[in-house]
Amino acid sequence: MLDINNIRKDFPILTAEVNGKPLVYLDNAATTQKPQCVLDTIIKGYSNQNANIHRGVHFLSQIATEAHEAARITVQKFINAEKNHEIIFTRGTTEAINLVASSFVRSDMINNGDEIIVSAMEHHSNIVPWQLQQSIKDIKLKVIPFDDKGVLDIESFKSMITEKTKLVSVTHCSNTLGTVNPIKEIIEIAHSHNVPVLIDGAQGVPHHKVDVQYLDADFYVFSGHKIYGPTGIGVLYGKEKWLEKLPPYQGGGEMIKNVSFELTTFNELPFKFEAGTPDYIGSTALASALDYVSNLGLDNIIAHENDLLAYATEKMKTIEDMRFIGESTNKSGLISFLVGTIHPYDMGTILDKLGIAVRTGHHCAEPVMHRFGIEGTVRASFALYNTRDEIDVLVAGIERAARMFRKKK
Ligand code: PLP
């Protein structure tokens, strides 16, 4: 069991007041708060060991390089990648998917008329990068549907794979529905047709034990800021065999071996995909965040968050006119909801007045909203530092907002 009250002391922002009320931060799917150790790593990085990495022979450059490469190994261990050069640092999930989309489509692994499969519950970051590539090659996007509860239709997925399918790209967990997808099964099905799979782990890594070798994922991507790390740093894991085949994404910096106007050659992995000055402070701060999570124990965090989810679901069920958007039996991290005809924005604004931070709107997943014929939802999303007391505050806040709107009618 985690001592949450003690753990909360690690997060300076959690003592803040908003509108004269103690902050209840339930917008963790958008970004998580940062523990002091992550903040300290950033300060220490810039205060004591700041120098551009890789190219310097001087002392500071060497220790900064060592810290960046040590961070790569921390990430490698965290997701159990086989090789450390299979870890590419990116700006986040979005950049990692854009990298794969751009490089994959420019490679000879996909041709005009071929197909890529995504799901109907993807974040825009796993839709638009593929659409952008449609101007490079004539590629068809096929979309796996989901049912009224927010569960992916795996039979439909099986039937849509053809010899033209060249990649499957699906989310581990939906940021809107909370659904946890059966990614191991999806990967097995795709692999039985020799099709590689990219998993968008933005909402997966913070709430699940991820073992990329066990999953046999070809690509797994995530963002540092959603797992208590800083913004601007994220991870692309790719199996060596795919990363070797993909052409570079951006040019410049450490990604070259030799440059001339006649012929430029590229560096080995992982540097081939890390053009420009890497975010070496961000990478070390991300490693601090992952160490923090590992020290608390991911199993303990998962148990605590599952308790919060179950508790919140039971409590919220009792609210009149409550409608959950996303009712899979396998959910993690969040609850999306509507109450009667109250607009999500209005609900969010009233909750904010009570110091409660939730997200409202389409959550960058407009196709999910279209599927339900709604404009948006209110989303409460959980992290390791949230408490049952905070859920009680949320429930009381929702009830108060609902009463105000009923009176107005
Ligand atoms: N994919 C999912 C499932 C997400 O929830 C998010 C962010 O909310 C993203 C991708 C994009 O992440 P980022 O903005 O950190 O690149």
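Order of appearance sets the numbers: ligands from 1, and atoms from 1 within every ligand.
Ligand 1 has an N or O atom lying under 3.5 Å from an N or O atom of Thr94, backbone or side chain. By the 3.5 Å distance cut-off applied to N or O atoms, Glu95 is not counted among the residues near ligand 1.
Only the side chain of Thr171 comes within 4.0 Å of ligand 1, judged by heavy-atom distances. If you look at Arg91 next to ligand 1, there are no close heavy atoms at all, none under 4.0 Å.
Tyr249 and Asn98 form no side-chain donor-acceptor contact under 3.5 Å, judged by distance and modelled atom types alone.
Ranking the protein heavy atoms by distance from atom 4 (C) of ligand 1 puts His123 CD2, 3.3 Å first. Taking atom 7 (C) of ligand 1 as the reference point, the nearest protein heavy-atom neighbour is Lys226 NZ, 2.7 Å. The protein heavy-atom contact nearest to atom 10 (C) of ligand 1 is Asp200 OD2, 3.4 Å.
The closest approach between His225 and ligand 1 falls below 4.0 Å for a heavy atom of the residue.
Interface of Asn175 with ligand 1, defined as ligand atoms under 4.0 Å from a residue heavy atom, comprises 5 (O). The ligand atoms of ligand 1 that sit less than 4.0 angstrom from a heavy atom of Ser223 are 12 (O), 13 (P), 15 (O), 16 (O). For ligand 1, the atoms lying closer than 4.0 Å to a non-hydrogen atom of Gln203 are 3 (C), 4 (C), 5 (O), 8 (O). For ligand 1 and Ser125, the ligand atoms under 4.0 Å from any heavy atom of the residue are 10 (C), 11 (C).
Aromatic ring pairs are classed by plane angle as parallel below 30°, tilted from 30° to 60° and perpendicular above 60°; the pair Tyr385 and Tyr25 is tilted.
A salt bridge is defined here as a Lys NZ or Arg NE, NH1 or NH2 lying under 4.0 Å from an Asp or Glu carboxylate O, and Lys140 with Asp114 fails to meet this definition. One finds no salt bridge joining Asp279 and Arg91 here, because no Lys/Arg side-chain nitrogen approaches an Asp/Glu carboxylate oxygen to under 4.0 Å. Using a cut-off of 4.0 Å between Lys/Arg side-chain N and Asp/Glu carboxylate O, Glu86 and Arg72 are scored as not salt-bridged.
Under the rule for a side chain to side chain donor-acceptor pair (under 3.5 Å), Asn330 has no partner lying at least two apart in sequence or in another chain.
With contacts defined as side-chain heavy-atom distances shorter than 4.5 Å, the pair Leu338/Ile325 qualifies.
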Report, one line per pair, each donor and acceptor closer than 3.5 Å where one atom sits in a side chain of residues 177-188; sequence neighbours left out.
| residue | atom | partner | partner atom | Å |
| --- | --- | --- | --- | --- |
| Thr179 | OG1 | Gly150 | O | 2.7 |
| Asn181 | ND2 | Thr171 | O | 2.9 |
| Lys184 | NZ | Tyr214 | O | 2.8 |

